[in-house]
Every structure is written in structure tokens, then in C-alpha cells.
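Positions are given from 1, in the same order as the sequence printed here. Start at 1 and go down the list; that is how both ligands and their atoms are numbered.
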Amino acid sequence: MHRRQFLRAAAMATAASALISRGGAASQADAFIEIMADETLGEISPLLYGQFTEHIGGVIYDGVWVGERSKIRNYHGLRAELVDHLKKIHVPIVRWPGGCFADSYNWRDGVGPLSKRPRHANFWEVDPDAQRLREQGPQIFEPNEFGTDEFVRFCQLTGAEPYLAANVRSLPALEFDNWVEYCNSPANSTSLADLRAEGGSRDPFKVRWWGVGNESWGCGGNFLPEDYATEFRRYSTWIPSFGVDLQLVGSGPNDNDLDWTHRFFEQIFSSTHPYDNRHFKGWSVHHYAARREQALRFEDSSWYQVLKECDYVEQIIEDQWSVMGQYDKEHRVRLVVDEYGPWYVEGTELDPTHIFGQQVTVRDALATALTLDTFNRHPEKVCMGTNAQLVNNINALFLCHEDKFLATPNYSVFEMYAGHQGGQALRADFSAPSIHYNYEGKSSTMWGLNGSASRKGNLVTVTAVNTDVHSPKLTRVKLRGKTIQQVTGTALFAADMHAHNTFENPTTVQSTPLRADLSGGEVNVTVPAGSVVKLELTVG
Ligand code: AHR
């Protein structure tokens, strides 16, 4: 939505709380949603709904991988409940093996017979959160039981595309080529294809998406942007393709570091020796709302502050896009937000081995939803998003330990939003009074209602977040250019803003049907306080 329109509409709503007519009787509206059915912003790539998995804490071992001999229900060693849930939300892509882990990972350690795979110190072994671990399990010493074959099988079972992050910090460029060759060379064509076949996969994996390093400004090598650009050229020139249209993702800025993007793009596009690689398709961005508090300990002000910090992703997208366009004039490279979410301090992990594990409250669900809405509003700029991380980690969709498993409120958000995948994003205006709050002695403001809309045939999907933790919003929804014939609503909210799911009570927070009334061609709906809502409009 255009900021100015939003502010104007919000001001109008504050001033008047205008009267709306419902079945002849007059009632107050606190908020407005206006959708332009014929004004499309572009296709919402399904890849915006991806997930990220890293060899850290309980993500892979305990989370994704339980082993073939486990009593826990599994498919070839992969946690079956996780696979089944991911299929339901149509997970489009999964990123692996890191994160910071990627730049210390030798893909060769994770292929070939299990009995011959070496053990190595895990990258995260030095992290302060790992210090609490008394047992020296796979979180400290990587057993490589889960490697490329297991990851690709996980993707195949869930229906996701694999997105691999190559090691630029500590492996030579030839090993990147070799990994591509292992994954993509045709059956019987190369020795690495034979090795893949020995592991049970005769046919090539056809992996399209490859990250060229991770956080190369930090754990991925501590490069200067110009130096990373030189490495990027070296690692991405003449990678064997085997008929696969490779999509390469450069390691973009920490948060909204514009200097990193300026200097990298200048070196690549505008130097005396420009680098024209048609496979360079993505520029990765990581945006965490890093907190000094635990996931379950917060007041109203922190509720809003977390949402505001997550909402900053929109500014990042706009700023980065504008800098990229100064060099990449045709915008051939698009943004890949491949790590995002609120990140709290340790203390709510469900098992000590879950480094960076944290509980997920209804507040986090709102943070995730507003991030997905932001992606939906910028389909021409953002081509992929992967939430950090899938399970037992920062902004997880699932928490599990041994045979216990639960879906967090974030899972419900991905379930509610799945209908946007592949839809045409529609221009839409959302307006409601802003929230004014005081955080650490400073006054601040957060929007009250925002969201996104998309259309597939005669179905318009509208999703929105009401950040107001205390007040529901009586909301009037108008569709311009088409007639609403039917409406159904869904909402995710909780009476307690700290509400979350536990092994004992795994469904405390989950989506439920929401009453929405169609009258006079418009929809009137009460959007609950502190909620994520979805309206599905059948249109004619
Ligand atoms: O998601 C956890 C870590 O956060 C990732 O490994 C790294 O890329 C980021 O700093």
C-alpha cells in the first residue's frame, strides 16, 4: 500500500470512526480494507513461502532427522509428522545446510555410505548457547548422518525445491562445481553421478537454487564487499549446468546495510570489468528482530516493538531494491529474504540441545504474518523468502523432542497464507488508527491494521494483521472492480498475548473460523484484538 494513502486513511478512521450501514442499521467501523480487483502487482511466487534448516541445535538432529531405526514414525529416517505437516502447507522450497554452518561444511562428508562418513566439530560448537550442553552429541560433533541425499529426499517427500548454500569461506571454488556435479550430472555420466547412484539416487536432483556463501560480511568470511564480489565472480563463473537453469543467490547485507549492497553491486555491474552472469538471480537479505528478552516474558510495549522491528523488512526491501537498481538497471537480480523472524534470548527451548530454540507465541505469529504480507505486496522485488528456522529454532513452525511434536502458531500462519502462493497480488489499502506506545522511555507508533490481497481466478484471498493487542476492529471490506458473492473467514488469536502451544496443550493457539457478513456488496467483519485474519472472497 502507498504510505501516504495509508496515513490519510488511518487519520480519517481516527477522526471519524465512520458510520457504516449494515442491513439497514448503522454501526461504527474502526478499520477499512479496499481491494482493487483489477490492479495487479505481479505474481506472488510460491517461493516466498519457503523454510530454512541448518545443522544447529535441534533443527536437523531431533527435528528433521530421527534415523531409520528410530521408534519415532519416519520416512527413511525423516520425521514423518514433520513431512506430513509440510505437505499440507505446500512448502515450496527449503534452504540447507546453513546459515553459518554452510561456510564450514564439506558436502563430501555427507555423501556415500553412512558407515564411512566422518565426524567433525560443528560450526556452532563455539557458540555461548552450546556451552550449556553437557553431552557431546551431534550439536557439538557433526555425525554427517544427514547429508545431501537425505536433504533432497526430505524435499522430494514434502514437495519442496532444494536450495543449497555453498561454502565460500573454507572450500575452493572447484568444490562448488563438484557439488553441483554430484547433484545434477546425468546418470552414468560422471564419477560423482555414480557415487550419487550408489547412495540410491540414480537420477539427477536438478537443484536450481544455490547460495554463493552465507553472511559473507560475517561468519561467511568477514569479507569486504569488494572482496566478496571478487569471490562471487570466481565461484559463480562457468559452473557446470547439466541443462539446469541455475539460480545463484549472492550473500547480501546484514539487515539494511546499504554500503554492502552499493559496493558489491558497483564492483559487479559498474566496474571497468562488469560481470554479466545471467544465472545471478537473487540477493539475499537477513532480517532478525533480535531481542534481549525471553520469548515468553514481555509487556504490551514489547509486543508492539517486536512487530515494529519485524515490519522494518518493508523498508529494507524498498531501500535495497532502490540501490540495486542503480547498478542492475533492468532489475535482473531480485531479493531473497532467506532468514527472518524475532530472535529471543535462551531459556524457552524445549530441550537443552536446541541451540537457539525458543517458544513461539501468538505475537510471533503476527510477526510472521506481517512479514509474509510484506512479501506479497512486493512480488516484483522479492522472489523468495525462507523463514528462520523450520523446527526447534528461532521462529519455528514446529517444536519437537524425541517422540513429542507440536505445530506452533507460525504453522497456522503458513497454513492460512498458503492460498496466496502463485496468486496475482492485488493493490489494496488497509486503514485503522495507529497504535502509540512507549518503549524503553521513547514514544513510538505502529500501524493498527495492514495486510495483503491476491487473486486466483474467482477467489480473492485477503490476509491482515490487527496489531492492537486490546481492541478488536470492526472492519469494512470493499472490493473494487468485481462483485463479492460469498465470504469465509479464518482467524488466529488468543486471549493472552503470551499464549503458545506446549506438548501438554498443543492446540492452545490455532486458527478458527471467523464470522464475516456480506451485505450490500461489502463485508463487515470484527477482526479480533491481536490477530491474524484471512478472508476468502468468491467474486463474480
Ligand atoms: O539462523 C541462525 C544464524 O543466524 C544463521 O546461521 C546465520 O546465517 C544468522 O546469523
Requested in this report: Could you list which atoms of ligand 1 come closer than 4.0 Å to a heavy atom of Phe52?
Outcome: 1 (O)
Report task. Check ligand 1 against Ile394 and write out every atom of the ligand that is under 4.0 Å from a heavy-atom position of the residue. Result -> 1 (O), 2 (C)
Query raised in the report: Can a non-hydrogen atom of Phe101 be found less than 4.0 Å from any atom of ligand 1?
Result: no
Report summary line: When distances are taken from atom 10 (O) of ligand 1, the protein heavy atom at minimum range is Glu215 OE1, 2.8 Å
Query raised in the report: ring pair (Phe, Tyr, Trp, His ring centres under 6.0 Å) between Phe356 and Trp343: does it pass, once the steps are laid out?
Result: CA-CA 8 Å; Phe356 300 166; Trp343 190 343; 4.8 Å; yes
Report task. Step through it carefully: locate the ring centre of Tyr61, locate the ring centre of His55, and say whether they are under 6.0 Å apart. Result -> yes
Query raised in the report: Using the benzene-type ring in the case of Trp, are the ring centres of Tyr182 and Trp107 under 6.0 Å apart?
Result: yes
Requested in this report: Indicate, as side chain, backbone, both or neither, the part of Tyr340 found under 4.0 angstrom from ligand 1 when only non-hydrogen atoms are considered.
Outcome: neither
Report summary line: For Trp343, the atoms of ligand 1 under 4.0 Å from one of its heavy atoms are 2 (C), 4 (O)
Query raised in the report: Within 45° of the ring axis of Phe52 and under 6.0 Å from its six-membered ring centre, is that where the NZ or CZ of Arg95 lies?
Result: yes
Query raised in the report: Based purely on interatomic distance, does Gln389 place a nitrogen or oxygen under 3.5 Å from a nitrogen or oxygen of ligand 1?
Result: yes
Query raised in the report: Does the separation of the ring centres of Phe264 and Tyr228 fall below 6.0 angstrom?
Result: yes
Requested in this report: Could you pull out, from Glu339, His55, Glu54, Arg95, the option with a heavy atom nearest to atom 6 (O) of ligand 1?
Outcome: Glu54
Query raised in the report: Can you check whether Trp124 has an N/O within less than 3.5 Å of an N/O in ligand 1?
Result: no
Query raised in the report: Do Phe232 and Phe280 have their ring centres less than 6.0 Å from each other?
Result: yes
